[in-house]
Amino acid sequence: MARQVADLGKDLPRYETTLREKLKSLRTGFAQSSLVDPATAALNELSKELEPGVRGEGGAAIATTDQQCLIPVEVRQPPERPLDALQRIVSALLQPLTTTGIVLLLVIFILLQREDIRDRVIRLAGSGDIETTTIALNDATYRLSLLFLVQSVINASYGIVIALGLWAIGVPSPVLWVVLAALMRFVPYIGAVLAAIFPLLLAAAVDPGWSMAFAVLALYLVVDSAVGHMLEPWVQGQTTGLSPLAIIVSTIFWTALWGPIGLLLATPLTMCLVVLGRYVDGLAFLDVVLGRQMMNR
């Protein structure tokens with residue numbers, strides 16, 4: 001990956017030149033379009049008609065004395081200092097970084113103290129029925145492990161297919177994009193879109209025409225549609241015991257509550273709630289609302 005990133009950096013000036021030429025051709029073609037001049041003329045005429053003033057003969061607008069005496073004023077912002085720019089960037093990133101740090105800190109301590117937390121949960125929630133509580137924890141652990149394992153296999157397969165497609169199309173550094181695509185697939189819904197941006201821009205920069213960029217776009221659309229809309233929902237439903245509607249609703253809920261971290265943890269957290277509803281009588285409604293129990297009957 002490091003070698004491919006270095007090779008990509010060496011070719012960036014050439015890619016930048018290709019992109020500039022494409023943007024210039026698009027700008028020139030848009031300016032010379034037969035639809036632009038009539039539309040611009042119509043907008044100018046409409047703006048003149050809407051300008052306040054005294055109407056003369058034939059409906060022509062005549063500027064009043066006050067309008068003739070107007071002096072245009074240009075407001076210029078002072079140049080931004082590096083410290084101000086840094087403060088603005090830090091302020092924008094402060095909240096998501098704080099949330100991410102808190103969640104990571106909790107996860108680290110929970111993993112370090114997992115045996116102790118397990119014993120405390122059994123003592124608090126399962127003092128009357130230790131066997132059922134132990135079975136519930138084992139069920140949640142098994143489903144989580146299976147979910148992460150299957151998700152990793154799906155993402156790795158997705159990345160390999162994307163890399164083979166990019167290699168066949170002729171996009172440079174396919175190994176770099178296979179890792180990026182596999183990692184970004186762990187982010188539901190938007191991960192594949194984010195992973196497709198860089199290869200799409202690179203394809204537009206490499207090819208003087210547009211055929212390579214359209215081929216890359218079609219590749220991501222076809223593969224992501226097959227995996228995201230057919231294979232992944234079925235596999236997640238089988239491994240987690242969640243209904244497809246529950247997966248979507250839980251994603252919206254946890255994302256609104258925790259932001260990007262909630263988007264990553266939505267399915268595992270909801271699956272744990274379903275396991276609780278399966279073994280705790282007072283929470284049985286969670287298994288009915290979120291699980292596949294009613295669908296299997």
Side-chain angles (χ1 to χ4, degrees), residues 1-5 99-100 103-112 114-115 117-118 136-168 171 173-199 216 219-244 246-255 258-275 290-292:
M1 287 179 61
R3 184 172 63 252
Q4 292 203 351
V5 170
T99 304
T100 304
V103 173
L104 290 178
L105 184 64
L106 287 174
V107 170
I108 290 174
F109 276 94
I110 288 174
L111 290 177
L112 290 176
R114 59 186 182 275
E115 299 295 338
I117 294 176
R118 176 187 174 91
L137 291 177
N138 290 336
D139 189 9
T141 303
Y142 171 76
R143 289 182 179 275
L144 279 174
S145 302
L146 186 60
L147 171 65
F148 292 144
L149 176 62
V150 172
Q151 190 69 36
S152 300
V153 173
I154 291 177
N155 293 347
S157 303
Y158 173 86
I160 292 174
V161 173
I162 290 294
L164 292 176
L166 294 178
W167 174 77
V171 179
S173 307
V175 177
L176 180 62
W177 310 128
V178 64
V179 177
L180 179 63
L183 292 179
M184 294 304 296
R185 280 289 303 171
F186 283 101
V187 182
Y189 304 109
I190 63 174
V193 177
L194 297 177
I197 293 176
F198 298 102
V216 171
L219 173 67
Y220 274 91
L221 287 177
V222 171
V223 177
D224 187 67
S225 298
V227 175
H229 299 285
M230 298 174 59
L231 179 62
E232 197 171 32
W234 180 80
V235 171
Q236 285 188 350
Q238 295 295 325
T239 56
T240 63
L242 298 176
S243 65
I247 294 176
I248 297 175
V249 173
S250 65
T251 301
I252 297 174
F253 173 77
W254 291 109
T255 303
W258 274 3
I261 300 299
L263 182 64
L264 291 172
L265 301 179
T267 301
L269 290 174
T270 308
M271 191 213 66
C272 293
L273 292 178
V274 171
V275 172
L290 302 175
R292 299 175 61 92

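Each of Leu221, Val171, Ile162 was evaluated against Val216; a single residue qualifies, Val171, per the side chain to side chain contact (heavy atoms under 4.5 Å, CB included) test.
By the side chain to side chain donor-acceptor pair (under 3.5 Å) test, Asp139 is found to be paired with Arg143, Tyr279, residues two or more places apart in sequence or in another chain being considered. Partners of Trp258 according to the side chain to side chain donor-acceptor pair (under 3.5 Å) rule, which considers only residues two or more places apart in sequence or in another chain, do not exist here. With sequence neighbours excluded, the residues satisfying side-chain contact (heavy atoms from CB on, under 4.5 Å) with Ile197 are Leu194, Leu201. Under the side-chain contact (heavy atoms from CB on, under 4.5 Å) criterion, Leu146 pairs with Tyr142, Val150, Thr239, sequence neighbours left out. Legend: residues meeting side chain to side chain donor-acceptor pair (under 3.5 Å) with Ser250, ordered by chain and number and at least two apart, are Thr270.
Considering all non-hydrogen atoms of both residues, Ala192 and Tyr220 come closest at O-CD2, 4.4 Å. Between Ile110 and Ile117 the shortest heavy-atom distance is CA-CD1, 3.9 Å. Nearest heavy-atom pair across Val275 and Ala136 is CG1-O, 3.4 Å.
Rounding to the nearest 0.5 Å gives a distance of 9.0 Å between CZ of Phe148 and OG1 of Thr267. A distance of 12.5 Å separates CD1 of Ile247 from CD1 of Ile252, quoted to the nearest 0.5 Å. Summarising the geometry, atom CG belonging to Leu149 is positioned 10.0 Å from atom CD1 belonging to Ile154; distances are rounded to the nearest 0.5 Å.
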field: Working for side-chain contact (heavy atoms from CB on, under 4.5 Å), residues Leu273 and Leu269
entry: CA-CA 7 Å; Leu273 292 178; Leu269 290 174; 5.9 Å; no
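Looking at Ser157 and Val227, their side chains never come closer than 4.5 Å, going by heavy atoms from C-beta outward.
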Which donor-acceptor pairs under 3.5 Å do the side chains of residues 174-187 make with protein atoms, sequence neighbours left out?
| from | atom 1 | to | atom 2 | distance (Å) |
| --- | --- | --- | --- | --- |
| Trp177 | NE1 | Pro172 | O | 2.9 |
| Trp177 | NE1 | Ser173 | O | 3.1 |
| Arg185 | NH1 | Asp224 | OD1 | 2.8 |
| Arg185 | NH2 | Glu232 | OE1 | 2.6 |
| Arg185 | NH2 | Glu232 | OE2 | 3.2 |

